[in-house]
Each structure stands twice: as C-alpha cells, then as structure tokens.
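Just so you know, these numbers use all the heavy atoms, side chains as well, and skip hydrogens, waters and symmetry mates.
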Amino acid sequence: MKSFFYSLMTTILLTVATTVSAEDGSALWLRFGTQGQSDVTGVKCTAMDELKQHWQGGPVVLKKQKKIAKDGFSITTKGGKTFIEASNDAGLLYGAFHLLRLQQTGKDVSNLHINEKPFFDLRILNHWDNPNGTVERGFAGKSIFQYPDAEKMKYYARANASIGINGTVLNNVNAKPEALSTENLQKVKQIAEWLRPYGIRTYLSVNFASPIKLGGLDTADPLNPQVVDWWKKKVAEIYQLIPDFGGFLVKANSEGEPGPCDFGRTHAEGANMMADILRKHGGIVMWRAFVYNPQSKDRAKQAYEEFMPLEGQFHDNVIIQVKNGPVDFQPREPYSPLFTAAQKTPVMVEFQITQEYLGAANHLVFLAPMWREFFSYVQPQKLRAMAGVANIGTDTNWCGHHFAQANWYAFGRLAWDPTLTTEYIADEWLRQTFSNDERLVRPMTQVMAESHEACVNYMMPLGLHHIFAGGHHYGPEPWYDVPGIRRDWTPQYYHRADSIGLGFDRTRKGSNAVEQYPASLSARLNDINTCPEEFLAWFHHVSWNHKMKSGRTFWDELCHKYDLGVHQTRQFLTIWDNMKPFVDPQRFDEVQRKLRIQTRDAVWWRDACLLYFQQFSKLPIPNDVEHPIHNLDEMMRYKINISMYENPAYGYDK
C-alpha cells in the first residue's frame, strides 16, 4: 500500500510540474492573471484603471473622503459592493493594490473592514545609477533610467505603488554634475511624467561642486551670493519642468565627494542653503551622514562625532539620512547611535536593498529580519522617513535573483508598516510571486526567515564585520591589504586578530564607541558578559578562550557558527530541490543554480576565515565541526576577476 501511495503521489507531482507554465520573473509579484471582470465606478484615477484590468470580484466604488489621513485608505463591503475611500488619488491607488493583494493571496474579500495609513510619509528608493548606465553596487544589469521607455517605467511605477513606495532618487549618491544639466533634466521630466500617475515623486542626487563644474564659478561656498544665485536659478529651472519635484539627496565630504567643509563651512550651512531655496517649491534636502575620516581611531564613531555638534542647526526641510549601522551595510551591525542621540535634528534611516555585502545577486538572503532587528532597537517614531538603496536593473527579472525581488517588496511593506513580521511579508510575497500552494509557501517562508541569520553565520558571526575582499566586497579576505591603502579599508582594521583574541575593542577602555549609545545600553554593551553575543566582536576584543553562553569557548563557538552557516545553506538547497513540482521550470532552474553557488560560497567563507584565524588562535577545529576542505594558501591565492562598478554574475564558474 505504501509503495502504491508513493507511486500515485509521484505521478501527481510530476503532472503538476509539467503543467506549470514557464515564467521569467519579469512580472515580479504583479501576476494578476486573467483580466478584470467587475464594474468599477466613482473617482476616475489610476486606481480605477488597475481595478478594471485586474479585479475579479464584485462591484467596486472609489470615493474621496477628506477625513482619511494622507495616502491612507479604507476598504469596506456593503450591499454586495466594495468601497475604497481615501483623501487623495494615491490613497485610492494604495487601497486598490491592497484589494488586489488580498485577491492574489487567496483571502476572503466578502466582508472587509480595513483602515490603513502609511507609517512614514516618505518611502523612497535610492538608485545608485550612473550616467553611463552602470549601477554602483548593482547586480541586475544596467540602469533602467539610461534609456527609459514608457512601458518599462509604467511597470516599475506599478510595482512601487503596489507596496506603497512614493519616491525615487534617480541617480547615484556619488553624483556627477551633469545630473543637473538641462539635457538630463529633460530626461528627468519625461520619467517624472511616467511615474506621477502612480504617486511617485522624483528626486535627484546632486554634486555639491556643481556651481563650479557645471556653472563655471570658481567656488561652491554655500554662503557665497553667486553660488546661492546659481542654485536658485537651477532649482527654478527644475520646478518649471517638474512641478512636483521632491528635492535633493546629497553625499558631501565623504569618500572624496565635495562638500561645504571644503570651503570652511559646516554640513548644516551647506544643507540649509539648499533647503532655503527648495522650501518655496515644497522640496526637501536629504543630507547623508555617511562620513568618515581615514585618520579616525574608530570609523564607527565618525557620523556621530561629525553631526552631533550640529544638533538643532538644520532647517526643518532637511532630513539627515543615516545608514542603519555605524559602519557600512554589513551583514549585521548594531544600530547607528545617531538615531537615539539626535533629539533636535530630523533623521531618516537608509537601508541597503541591493546585497553589496550579502552575496550580491547570488545569495538568497531575505533582509526583512535584519531591518526588523533594527526596529527592535530604534523606535520608528524616531524617524522621519525610510530610504532603500535599490537592487533594480535591466535584467529580465529586475533584481538578478528571483528571491532578491523579495527585498524590494519587503522594503516597501516595512516602510508602510514597520510592525509587519518577517514571516508575514515572506508569506505574502511567495503567494503573489509563485503560488498559494501551502507545500511551497510554508517551507520557503521558513527558508526566507532563516536566510539572513545563515548568511551572518557563514560570513561574519559573533560581531565580526568588514572582512570582505577589497573593492568588490564579494567573498572573504580577512588578510586583504595593499601597500598605501587607508587602514579602514582593510579587514585587519576591524577584526584585529592576534594571539590573545579577536574583535574591535569599542569599550570604555578601547575606542569608547559604547558611550555614543544611551546609558543603559552603553553599560550592557561595555560588559563582555552582558553584551549580546551577536555583537560581541563588534564591541570587544574577545579572548579565544572566553566562555560563551553555550558553554563553548569563543574559538569553538566561532567554528560552530561558520559550520552551521554551511549546513543551513545546504538545507536551503535541499528544500528548494523539493519545490520543483510547484515552480515553473525556468525560475526553478535559475534559483537552483544560485543556491548551488551560495552553498559553495558558504564553504569558501568558512574555510578561508577559520584557517586564517586559526593562525592566531593556535587551537584545533572541534571534532564535531566539518573540517575545511581547502588549504589557506589556496584560499589566499584565489581571486575573482571583477570590477567595483561592473554588474557581474559572480561565482566559481566565472
């Protein structure tokens, strides 16, 4: 009987597999299927168009209701009709997409009483796209804005609107002056017209020295009248072309980019000059706090040290954009202390959706758990807005990895509601992107929920950080060093391995970075026995024999964490292999290939790091840990031939 049942189930699964249509991922999570079949009446707007095309239920009525919060909506059912109410067109659109999401995920829509509003007013993507079409830290092809077309821009806008994103910075924070050229502004005007019906405002990153390089002036001093006049004329030109232009994103005096400090002025003086000019047009300035000095004793302290003396000096249409961690989008970081220290300065969080430090477009790493961890320390009420560095390019599937689409999706959903759980968002995305089949949704929700912790385990567990290969940040090189390179670009600066132990001492006896945090948390972080173990090597130089909560020594725990990461990735691959009957052949094969690369990369990370650090610990790898299959000299000779600004398909097969 068992054999017969097994044969029957195998036949059924094979039949399912052969009837799943091939897909290439280009539809993202907007796989609405058949055309709409219902009457949609009321306010004529983009929401009506979406519902007429895709809604399969009963009649829908769109109504304006002034009492509803900006961009919010209500959905109610009464008398066989569904009513969507909002105070503006954007709110009606978000309500329409919410209703379509319920339809896609198989929810009961017969008796709805829904009231929602976005937590953040500004929910914005930052594209690091260059004028030549390359994308800095992009792993999904070229820029979608280099040669934009109406169809592509409409789909991009729809995808963003479906998850509540309402702003887009079109170009790299390492901005070129030509971003403000009249020729480029004409292109921006056209893009803005395509995005506007979907409630999306356009923004530009600007080069602070534009008055010199574009305007022919001999200075960009923000207090110079000629400089101010140049910016006034340029802003007027922008708003004449794009009346709803959102404003500027500025990276200044960081990594060689020009800024007000070059002219003896402060960040506040530079930002306020721009803000005053933008104010009458309704524009804002998002001024990045990503600054660091190569002479600093601790790079993690720089943003706080540079911006806290300016507390209260920024005008109210300036928002300081702060990376979630104090260093640079590492797989795990404590939160940047600016978020709790700044009391008089508006701040917004900058997350990185593109996986610069998390395996690029090769690794399945769902980032919702990392962002949720941030919100467990930083209350959303402390923030004015939420920005995400985009992972979008011209690749057919938009993001280079089918599961990387989930990070774009999760960013939008958390910007709308930061209380949503990891599992809820993963479940929602899987149902819309693949299917409602529980045999796929349940196991893959678990994979997604565990994937970030697994990545931390096989890359940099227990508070290790920034031990990547130089330049491209793909793969381990804890030994990386180049003559003459600034020290905070080398892994040794961060891991500080020696015969005593491992980690950066940021206690009161070290760099004293702990003092930038609130008193109770500072005391907890300062004590090696109370510091959360996931941040141990971030705040402490930990003895190899330090006893961990597991009862193991620090060295043994490090070995077990790396090995656990390897086994987790193998399990993810096995689970995905079992999903074959429930996924179309093309996407199944493409994800499977990526997961195989990830499992090999996890072994590469484990072997390279454990063999390198073992030189300092002089301790054996525990018997219950899978021992390295490579030699250290092999690891140190291995190089991958990629450029920082290319969009490579990483992996051993390249």
Side-chain angles (χ1 to χ4, degrees), residues 27-121 123 157-166 197-199 409-410 412-421 423-438 441-442 445:
L28 296 168
W29 50 88
L30 302 177
R31 299 163 60 252
F32 294 123
T34 56
Q35 292 297 302
Q37 302 172 350
S38 302
D39 293 331
V40 183
T41 58
V43 180
K44 293 183 178 180
C45 58
T46 306
M48 179 177 284
D49 297 337
E50 289 292 331
L51 291 169
K52 282 186 174 180
Q53 291 180 56
H54 306 298
W55 175 240
Q56 304 291 310
V60 177
V61 181
L62 301 173
K63 297 177 64 176
K64 287 288 182 70
Q65 172 58 263
K66 293 182 179 180
K67 294 182 180 180
I68 296 178
K70 177 186 174 184
D71 290 358
F73 60 84
S74 71
I75 305 177
T76 56
T77 50
K78 185 170 62 174
K81 293 183 178 181
T82 300
F83 295 85
I84 302 178
E85 296 182 316
S87 62
N88 58 7
D89 286 355
L92 291 174
L93 183 60
Y94 299 141
F97 275 119
H98 187 88
L99 188 61
L100 290 171
R101 180 162 52 241
L102 295 177
Q103 174 181 271
Q104 281 182 280
T105 54
K107 301 296 191 297
D108 181 2
V109 295
S110 62
N111 186 26
L112 299 176
H113 297 279
I114 297 169
N115 291 282
E116 291 213 7
K117 63 179 181 179
F119 192 92
F120 297 110
D121 289 337
R123 309 171 297 279
R158 291 180 64 228
N160 281 325
S162 73
I163 50 177
I165 291 171
N166 67 352
Y198 293 87
Y409 183 88
R413 294 296 281 135
L414 284 171
W416 183 273
D417 182 358
T419 69
L420 294 177
T421 68
E423 290 77 11
Y424 184 90
I425 298 170
D427 179 279
E428 236 183 27
W429 178 80
L430 284 164
R431 291 178 184 277
Q432 295 171 88
T433 306
F434 290 101
S435 83
N436 282 304
D437 195 317
E438 293 292 342
V441 173
R442 287 185 179 180
T445 294

Between the OG atom in Ser87 and the CD atom in Gln65, the distance rounded to the nearest 0.5 Å is 9.0 Å
- Validation row: Trp55, Phe32 side chains within 4.5 angstrom (heavy atoms): no
Please determine whether the number of non-hydrogen atoms from other residues, nucleotides or ligands lying under 6.0 Å from atom NZ of Lys81 exceeds 12. no
Sorted by chain and number, sequence neighbours left out, ring-ring contact (aromatic ring centres under 6.0 Å, His included) with Tyr94 holds for Trp416
To the nearest 0.5 Å, atom CD of Gln432 lies from atom CD of Gln103 at 10.5 Å
Does NZ belonging to Lys107 count more than 12 external heavy atoms closer than 6.0 Å? yes
Q.
When you compare the side chain of Glu438 with that of Arg431, does any pair of heavy atoms fall below 4.5 Å?
A. yes
CZ of Phe83 to OG1 of Thr77, rounded to nearest 0.5 Å, is 9.5 Å
Only residue of Val61, Thr82, Leu62 satisfying side-chain contact (heavy atoms from CB on, under 4.5 Å) with Val40 is Leu62
>> Counting only heavy atoms not in Arg31 (residues, nucleotides, ligands), do more than 12 fall under 6.0 Å from its CZ?
In response: yes
Distance col, row Asp71:CG vs Glu116:CD, nearest 0.5 angstrom, shows 12.5 Å
Whether Arg413 and Asp417 form a salt bridge (side-chain N of Lys/Arg under 4.0 Å from carboxylate O of Asp/Glu) is what I want to check. no
One should read off an interatomic distance between Leu430 CG and Asp437 CG, to the nearest 0.5 angstrom, of 11.5 Å
Fill in: Heavy-atom donor-acceptor pair, Asn436 side chain to Gln104 backbone, under 3.5 Å
yes
The residue among Asp89, Leu92, Leu51, Leu93 that forms side-chain contact (heavy atoms from CB on, under 4.5 Å) with Thr46 is Leu93
What I'd like to find out is whether the side chain of Thr433 reaches to under 4.5 Å of the side chain of Tyr409, using heavy atoms alone. no
Margin query: For Asp427 and Glu423: C-alpha separation, side-chain torsions, deciding distance, then whether side chain to side chain contact (heavy atoms under 4.5 Å, CB included) applies.
Written below: CA-CA 6 Å; Asp427 179 279; Glu423 290 77 11; over 6 Å; no
To the nearest 0.5 Å, atom CD1 of Ile165 lies from atom CZ of Arg123 at 9.0 Å
Hits for ring-ring contact (aromatic ring centres under 6.0 Å, His included) against Phe119, two or more places apart or cross-chain, chain-then-number order -> none
Quiz item: Hey, is Glu85 close enough to Lys66 for a salt bridge, meaning N to O under 4.0 Å?
Solution: no
